[in-house]
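Both backbone and side-chain heavy atoms feed into the values below; hydrogens, waters and symmetry mates do not. Letters go in sequence order (proteins before strands), and every chain restarts at 1.
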Amino acid sequence: MASTDKLPTRAENFADWYVELIQRAKLADYSDVKGCMVIRPNGYAIWENMQRALDGMFKETGHVNAYFPLLIPEEYLNREKEHVEGFKPQLAVVGYAGGAPLEPGQRYVIRPTSETIINRSFAKWIQSYRDLPLLINQWANVMRWEMRTRLFLRTTEFLWQEGHTCHETEGEAQDETLKMLEVYRRFAEDYMAMPVLCGQKTESEKFPGAVRTYSIEAMMQDKKALQAGTSHMLGQNFAKMFETQFQGRDGKQHFAWQTSWGVSTRLIGALILTHSDDAGLVVPPKLAAQHAVIIVIGKTPEERAKVKERAAALAADLNQNGVRTIVDDDESKMPGFKYYEYDLRGMCLRIELGPKDLEKNQCVLARRDQRQADGKAVKQFLQLAETVAKAKEALDDMQKSLLEKAKAFRAANTFEVNSYDEMKAKADAGFLLAHWNGDAKVEARIKEETGLTTRNRPFDLKQEPGKCVVTGEPSPGRIVFSKAY
RNA sequence: CGGGGCGUAGCGCAGUCUGGUAGCGCGCCUGCCUUGGGCGCAGGAGGUCGCAGGUUCGAAUCCUGUCGCCCCGACCA
């Protein structure tokens, strides 16, 4: 709870800092179920804001929401060879129900993703090219039995959205795949203030069952990469296995061209690892549950009554102007205690209001992302009359400045490397842009020897031929290598 | 699955070696007091010591078994 111990610093122990921060900021708890977490109201509020923004963007691009069953007949998974091989080790299977064991042919898996069961429906829904495109999204929980879990970043059960679409032509499906990747990029940058690299995954890193996988990749504060979202061009792989067909303009039957794409509650982990500091959580205003807290200060009951009244009026004014504000007039806690607490919880703005301020018609504003060398907030005095305008300005500026800061960090930790020795030396330095011959065996060897994996081949990284850092063989262009979550 | 750690009050821990009927800090409740970066004092509530057997007059402590969680590696969003 409100422990007065300091958080471990990022420099001391990054992993501990992350876990402690989550628990102290009341974002999540461990549960009694191995690998599963409880998302607490403070954490869920961020997810709700993410959902709202993303859902709006999906609707704008023509998608509609639906819901499919949690349980998938085991046999469905087996139909697509790559798909089942990719997911088999992670499946939880229901083998007992209704008070009796289920026969092997009757067993269900808890969805690890829904391509298969959704295709069963798609096959029924689609008759003609006139039924296309079919643009569906689902908000759901999924389960993947992980060997090793980490709060938000990898848990056995997690929440996500999965888009599933059907198209008449390969080209349309490909366009959709890239369109949704771009939606994710916009969301990451505009809402999360998190810069990402958009690009294609290698063969070995692609989604099991997809033709091609694209991802958005972000750099965390420990310089490790985090895959923050994926968009898959599925081709006709699932359509063929589930007979998702339509009669085309030529009168003949064709298999649908499909895509799927998803982001999960992992984004909350990404948000924490991108912006938070040694004082606790930092959340971009667009995703923050609350924007501002007004701390009521006063010695005597008379003073406090006056300040409370003014604070309530100011809060009402702020709320009417889109600054989500709460008033804290709890008398049992010292103001200083509250400052630490709201810093920890990631409140964007803190407004201090006391008797001295009322005399001067002012208040004190502190921005969560602006700290002095001693770690305490930079404070500025504002006239009460200008507070709403200044608060809005501060939030806008904070949103922008978090993105700029993250961009600068990524730029400072991205390097071109031109030899395998250089790559090994810089293995923990961040994103490494290196030439690679495209051979999966070489990719596996690099992973084995250095811990570095290919993240993606960014669209905006100019592809110029070169020599593979390992074999010296021709390379079509540089690809991003990094340690990853 | 391999290696390590831990299960005692809501949280963090001591007590276990050397058995004697459970304690500390924080938090929580009540009252007084206090309020611009973690106030203070006084009183109080709260635990079948992970679970199951066993040894013993007596087990948090010894023995056997068992369950669970966390961390580090191999699998993955």
We want to know whether Asn456(A) and Glu217(A) form a side-chain donor-acceptor pair, criterion being a heavy-atom distance below 3.5 angstrom.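 Result is no, nothing qualifies.
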Under 4.0 Å from any atom of RNA chain B, heavy atoms only: list the residues of residues 367-378 of chain A that qualify, in numerical order.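 Heavy-atom contacts with RNA chain B come from Lys376(A), Ala377(A).
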At a heavy-atom distance below 4.0 Å, what parts of residues 185-206 of chain A sit against RNA chain B?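 By residue number: none to list.
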Residues in side-chain hydrogen bond (donor to acceptor under 3.5 Å, both in side chains) contact with [X], at least two apart in sequence or another chain:
{"X": "Asn65(A)", "result": "Asp55(A), Asn137(A)"}
{"X": "Tyr339(A)", "result": "Glu352(A)"}
{"X": "Glu182(A)", "result": "Arg185(A)"}
{"X": "Tyr76(A)", "result": "Arg120(A)"}

How many whole angstroms separate atom [atom1] of [X] from atom [atom2] of [N]?
{"X": "Leu91(A)", "N": "A77(B)", "atom1": "CG", "atom2": "P", "answer": "13 Å"}
{"X": "Leu226(A)", "N": "A77(B)", "atom1": "CG", "atom2": "C1'", "answer": "8 Å"}
{"X": "Glu146(A)", "N": "A77(B)", "atom1": "CD", "atom2": "C1'", "answer": "8 Å"}
{"X": "Arg266(A)", "N": "A77(B)", "atom1": "CZ", "atom2": "P", "answer": "8 Å"}
{"X": "Lys26(A)", "N": "C11(B)", "atom1": "NZ", "atom2": "C1'", "answer": "12 Å"}

By the 4.0 Å heavy-atom rule, please label [X] as base, sugar-phosphate, or nothing.
{"X": "Thr300(A)", "value": "nothing"}
{"X": "Leu153(A)", "value": "base"}
{"X": "Val296(A)", "value": "nothing"}
{"X": "Gln90(A)", "value": "sugar-phosphate"}
{"X": "Lys338(A)", "value": "nothing"}
{"X": "Gln227(A)", "value": "sugar-phosphate"}
{"X": "Thr230(A)", "value": "nothing"}

Can you tell me, in whole Å, how much space there is between the [atom1] of [N] and that of [M]?
{"N": "A74(B)", "M": "G68(B)", "atom1": "C1'", "result": "23 Å"}
{"N": "U66(B)", "M": "A60(B)", "atom1": "P", "result": "22 Å"}
{"N": "U16(B)", "M": "G10(B)", "atom1": "P", "result": "23 Å"}
{"N": "G15(B)", "M": "A9(B)", "atom1": "P", "result": "15 Å"}
{"N": "A42(B)", "M": "U48(B)", "atom1": "P", "result": "29 Å"}
{"N": "A45(B)", "M": "C6(B)", "atom1": "P", "result": "33 Å"}
{"N": "C17(B)", "M": "C63(B)", "atom1": "C1'", "result": "15 Å"}
{"N": "A22(B)", "M": "G4(B)", "atom1": "P", "result": "36 Å"}

Less than 3.5 Å apart, which donor and acceptor atoms pair up between the side chains of residues 13-22 of chain A and the rest of the protein, not counting sequence neighbours?
residue	atom	partner	partner atom	Å
Asn13(A)	OD1	Ala15(A)	N	3.3
Asn13(A)	OD1	Asp16(A)	N	3.1
Asn13(A)	ND2	Asp16(A)	OD2	2.9
Trp17(A)	NE1	Asp277(A)	O	3.1
Tyr18(A)	OH	Leu151(A)	O	2.7
Glu20(A)	OE1	Arg24(A)	NE	3.1
Glu20(A)	OE1	Arg24(A)	NH2	2.9

On RNA chain B, does the nearest nucleotide to Pro355(A) precede the nearest nucleotide to Ala228(A) from the 5' side, or the other way round? Give the residue.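 Going by which nucleotide is closer to the 5' end, it is Pro355(A).
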Could you list the donor-acceptor pairs under 3.5 angstrom formed by side chains in residues 284-296 of chain A, with sequence neighbours left out?
residue	atom	partner	partner atom	Å
Lys286(A)	NZ	Asp190(A)	O	3.4
His291(A)	ND1	Arg324(A)	N	3.0
His291(A)	NE2	Pro285(A)	O	3.0
His291(A)	NE2	Arg324(A)	NH2	3.3

Quiz item: Arg350(A) side-chain donor-acceptor pair to G36(B) base, under 3.5 Å: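 Result: no qualifying N/O pair found.
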Is Phe207(A) close to Arg212(A) at the side-chain level, that is, under 4.5 Å between some pair of heavy atoms?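 No, too far: nothing below the 4.5 Å cut-off.
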Pairs satisfying ring-ring contact (aromatic ring centres under 6.0 Å, His included), at least one member in residues 177-205 of chain A, at least two apart: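 Listed by first then second residue: Phe187(A)-Tyr191(A).
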Salt bridge (Lys or Arg N to Asp or Glu O under 4.0 Å) partners for Arg111(A), two or more places apart: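 With sequence neighbours excluded, Arg111(A) shows a salt bridge (Lys or Arg N to Asp or Glu O under 4.0 Å) to no residue whatsoever.
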Partner set under ring pair (Phe, Tyr, Trp, His ring centres under 6.0 Å) for Tyr108(A), not counting sequence neighbours: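 Ring pair (Phe, Tyr, Trp, His ring centres under 6.0 Å) list for Tyr108(A), sorted by chain: empty.
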Does Tyr339(A) lie flat on the base of G37(B), that is, centres under 5.5 Å apart and planes under 30° off?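 No; centroid distance or tilt outside limits.
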Under 3.5 Å, which N/O atoms of the protein pair with N/O atoms of nucleotides 66-73 of chain B?
residue	atom	partner	partner atom	Å
C69(B)	OP1	Lys34(A)	N	2.7
C72(B)	OP1	Arg148(A)	NH2	3.3
C72(B)	OP2	Arg148(A)	NH1	2.5
C72(B)	OP2	Arg148(A)	NH2	2.2
C72(B)	O5'	Arg148(A)	NH2	3.4

Verify the ring-centre separation between Tyr214(A) and His232(A): is it less than 6.0 angstrom?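 His232(A) vs Tyr214(A): aromatic centres not under 6.0 Å.
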Counting only heavy atoms not in Lys424(A) (residues, nucleotides, ligands), do more than 12 fall under 6.0 Å from its NZ?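 Enclosed.
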